[in-house]
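Each remark here refers to the structure printed beneath this line.
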Amino acid sequence: MPDSDIAIDVQNVTRAFVLRRRTGWMRRERSVLHAVSDLSFTVRAGEMVGYLGPNGAGKSTTIKMLVGILTPSGGRLRVAGLDPSRQRLRLARRIGVVFGQRSALWYDLPLRDSFELVRRIYRIPSERYRRNLDEFVDLLDLGPFIDTPVRQLSLGQRMRGTITAAFLPNPEVVYLDEPTIGLDVVSKAAVRSFLERTNREQGTTILLTTHDMGDVEQLCRRVMVIDHGRLGFDGELAALRARIGGVRTLRVDLAVPMPAMAVEGAEVVRVEGTRQWLQFPADTSAAPLVSEVAARYPLVDLTVGEPAIEDIVARLYTTDRLPAPRVG
Amino acid sequence: MVISDLASPVAAPARPFGAGAVGCARMWCAVAAAAARRLLCYRATVAASILSSIILIVLRGHVALAVWAERPDLAGYDSTAAITFTVIGQSLVTTFAVFGGMIDMPWRIRNGSIEVDLVRPVGFQRWWLGLEVGRAAVYFASRAVPAAVVGAFLFDLRRPASAGACAAFGVSLGLALLVSFGLRYLVGLSAFWMTDARGVQAVSALVMMFFSGAVLPLALFPGPLGTIAGLAPFGAVVQVPMDLYLGTADGGALRALAFQAVWAALLLLAARALTTAGLRRLVVQGG
Amino acid sequence: MNQRTAERTGGRAGQRVGERVGLLRTEAGSYLLLVGAAFRSAAQYRVSLVLYTLVEMAGAALDLATISIIFAHLSDLDGFSLAEVAFLYGTSALAFALAEAMAGPLDQLGWHIKEGRMDAVLIRPVSVLVQCATMDFSPQRLSRIVQPVAVLAVSVAALDVDWTPARVALLPAMIACGTLISISLAVGIAAVLFVAPDSSLAVSAVRQGSALATQYPLTVYGRRAALLMTVVLPIAFVNWQPALFVLDRPDPFGLPAFTRFLSLPVAVVCAAAAATAWRSGIRHYRGVGG
């Protein structure tokens with residue numbers, strides 16, 4: 001892989017925190033928390049990667065190290081060829097960050113003013129700025145509230161504004177930390193389609209931390225799962241699904257109401273009139289099952305459902321089920 | 001990767017230095033302007049601040065008049081000079097935030113918003129100075145001037161000693177801002193090392209207030225207290241500008257301005273060093 | 001009206017008074033409970049407790065230092081000696097410090113309203129006033145009374161006054177009334193925050209201004225201002241008027257002799273006015289919907 005093609009390069013990165021707790025009147029207890037242990041991955045330019053993990057897994061710590069707000073205790077980090085902790089200001093020009101809970105917008109000023117300031121700070125040529133702004137206003141539907149003070153905006157509007165601000169300078173790499181949390185449906189959809197389109201058209205590398213599986217399903221082909229500071233999975237979403245398993249659902253519509261079907265390799269979990277739901281192991285093919293049902297029962301229609309992402313990831317988080325680190 | 005946009009930063013050539021400097025200055029002005037605009041949003045706060053200044057002006061003004069009535073030439077000021085000193089000095093207090101604060105760095109560090117500041121491609125100290133200039137400009141126009149005008153109505157004030165004094169006063173205001181910024185910025189930086197910087201803030205606020213000359217002209221301070229007051233940087237914030245206005249600067253206008261400039265330089269250099277150290281500590285240790 | 005009706009009416013009125021007293025007692029109980037909790041939580045941070053106490057004392061020292069510096073150059077201010085001014089300072093600072101410790105947290109009311117915390121407050125079964133006063137209670141503020149007590153003691157010893165029983169009795173009375181007036185001032189002004197949460201600065205400015213003004217003899221401010229501080233914003237009754245009696249001085253503005261003893265009635269009136277203002281403030285907040 002040519003070096004210029006790699007946006008994010010993480011090698012054996014560790015980060016430990018020393019915690020001091022007061023036990024009793026005078027004594028102090030010292031413990032070491034390994035937020036991130038031996039983390040390694042590479043992200044090519046233009047990829048959109050989902051970064052999953054339970055709370056406290058080390059996602060935010062990773063992002064902070066990639067941005068340069070935190071230095072690693074060990075290992076090597078390079079973003080766009082630069083060392084974030086040593087070349088923070090230089091790198092800051094080329095990246096964008098969206099913190100889910102914290103906004104980079106000026107609280108009391110209209111949204112537009114914050115964008116103007118971004119233009120000045122990142123020294124975006126006015127032609128490109130105008131073009132970008134028009135496009136983003138259109139994509140994220142900012143028009144109705146772009147002149148409203150930020151403090152009067154809803155969470156969804158604020159997030160759309162924050163994302164715009166992060167993307168205005170056409171950064172090479174963007175980190176998004178829980179961008180859709182607490183958003184209304186409309187905003188969520190707008191944000192997702194914006195990210196998908198920007199990634200596709202601009203080639204922006206995007207690392208997306210999220211708990212929302214809808215985000216992952218719609219946007220990320222590749223996911224990394226981190227837990228207790230270790231990377232548990234790094235590969236395609238489909239592969240993750242396949243590996244962890246779970247169950248798939250076959251929804252069958254029959255011609256007449258019937259008692260629960262008896263089919264080999266599947267179990268009926270629900271019956272409602274002419275409709276029945278069967279569950280079968282996710283790693284087996286649905287084909288033989290479908291043929292059997294079609295052969296033995298008056299079949300009108302059927303649908304095959306994928307296992308719920310929540311289910312998959314929850315299984316992944318259970319420590320004893322954590323598969324060995326692997327690149328898919 | 002497909003470079004679909006030829007104007008993207010990946011394809012952009014390196015900027016020539018000149019354009020970079022202009023861009024930097026314009027960015028800086030934009031930051032100050034944004035800070036200024038943000039403050040103007042709250043009209044009630046402005047009114048309240050003016051009221052506060054006026055109350056203090058009236059109270060301290062009358063006390064000053066009573067004191068100078070007993071001792072007409074105390075500390076080299078006559079009664080009118082003393083009252084002018086008190087009124088205008090007091091009206092400048094909010095502009096220079098002599099009571100401390102106005103730099104919410106410790107608060108941002110505590111709640112993590114500092115991360116947003118660190119992601120910006122702007123120098124840390126430069127950013128805060130930009131905000132400060134914007135704030136001071138707004139406070140000067142919206143609080144200092146109205147309060148001084150009201151003070152001029154209530155008391156008999158003196159005009160600047162001469163055109164030269166007026167000019168020196170103007171310059172000294174700028175220098176006073178730098179000194180005041182340096183002091184408060186340094187105090188704010190303590191939050192990088194201390195989990196709770198409020199004690200330091202409170203103590204420094206008292207010291208700054210008392211030794212700036214806003215409460216009493218420093219010339220009144222007896223003995224060793226007076227010596228310390230004369231050498232300390234705090235006096236550069238209110239005492240020096242007022243002395244230049246009245247033409248009563250010890251040793252002449254240039255000496256007074258030099259005093260301010262030297263302290264401003266020292267404080268800003270110290271601030272730079274501590275900023276680097278503080279940021280390094282933050283990124284190595286974590287929040 | 002026969003005796004039975006009279007008894008019933010008297011009984012009902014008495015019942016209402018009894019209710020009010022009971023209510024006050026519950027409120028006082030809640031207040032002490034919450035204050036105790038604040039003390040305990042402050043005790044967790046031993047280092048900061050000591051530090052802040054020192055800071056508060058240093059803050060009080062600032063005003064005293066100003067007076068000391070003035071008297072380094074003068075022998076008397078407007079005809080008042082150092083001991084007399086120190087007496088005025090001590091009584092004022094003590095009353096305002098006590099009030100500050102109890103009602104000072106009301107400063108934060110504007111902030112709480114803007115952050116949307118008032119709704120949670122209104123739901124709880126404790127009076128809004130008690131909650132606001134205890135939410136940001138800091139035990140360190142109590143340290144502010146140490147210095148004025150010391151100054152007061154020293155000035156009393158230094159004063160050349162004929163200590164009649166009346167004068168001696170008036171001392172604690174004037175402190176108590178002064179504190180009540182100061183608390184009423186704090187509560188009454190804080191009520192404005194329900195209507196205009198942004199004016200926190202104005203609220204604390206009026207309080208600090210009152211505290212500062214009464215540290216000096218009111219003759220310093222001229223006749224008009226002094227009368228304003230007697231009739232409109234009666235801070236003159238915090239320490240100035242009773243002090244005139246203690247110091248055995250004629251009223252420089254020619255007010256009748258009995259005004260010196262009006263501190264208690266003035267305090268009661270102020271308390272009632274403050275309570276009304278506070279209640280209207282809450283009503284306004286509820287009506288507007290926050």
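Throughout, protein chains are lettered first and strands after them, A, B, ... in sequence-line order, and every chain is numbered starting at 1.
Looking at Arg71(B), its side chain does come within 3.5 Å of a backbone N or O of His73(C) through a donor-acceptor pair.
Interface residue Leu74(B): only side-chain heavy atoms are found under 4.5 Å from chain C. Residue Leu216(B) touches chain C through its side chain alone, counting heavy-atom pairs closer than 4.5 Å.
Interatomic distance, Phe210(B) CZ to Ile69(C) CD1, rounded to the nearest 0.5 Å: 4.0 Å.
In Trp193(B), the CH2 atom is crowded: over 12 heavy atoms of neighbouring residues, nucleotides or ligands sit closer than 6.0 Å. Within 6.0 Å of CG on Asp76(C) lie more than 12 heavy atoms contributed by other residues, nucleotides or ligands.
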Worksheet item: What do the steps show when you test Ile70(C) against Val63(B) for side chain to side chain contact (heavy atoms under 4.5 Å, CB included), and what is the final call?
Response: CA-CA 10 Å; Ile70(C) 290 177; Val63(B) 172; 3.9 Å; yes

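Listed in order of number, the residues of residues 228-239 of chain C that approach chain B to under 4.5 Å between heavy atoms amount to none. Against chain C, the residues from residues 220-227 of chain B that qualify, each with a non-hydrogen atom under 4.5 angstrom away, are Leu220(B), Phe221(B), Pro222(B), Leu225(B) in number order. Inspection of non-hydrogen atoms places no residue of residues 109-117 of chain B under 4.5 Å from chain C. Using non-hydrogen atoms only and a strict 4.5 Å limit, the part of residues 203-221 of chain C facing chain B consists of Ala205(C), Val206(C), Gly209(C), Leu212(C), Ala213(C), Tyr216(C), Val220(C), Tyr221(C).
Annotation: maximal heavy-atom pairing with chain B below 4.5 Å, among Leu74(C), Leu77(C), Asp78(C), occurs at Leu74(C).
Leu201(C) approaches Ala48(B) most closely through the heavy-atom pair CB-CB, 3.9 Å. Nearest heavy-atom pair, Val55(C) versus Ala202(B), reported as atom, atom and distance to 0.1 Å: CG1-CB, 3.2 Å.
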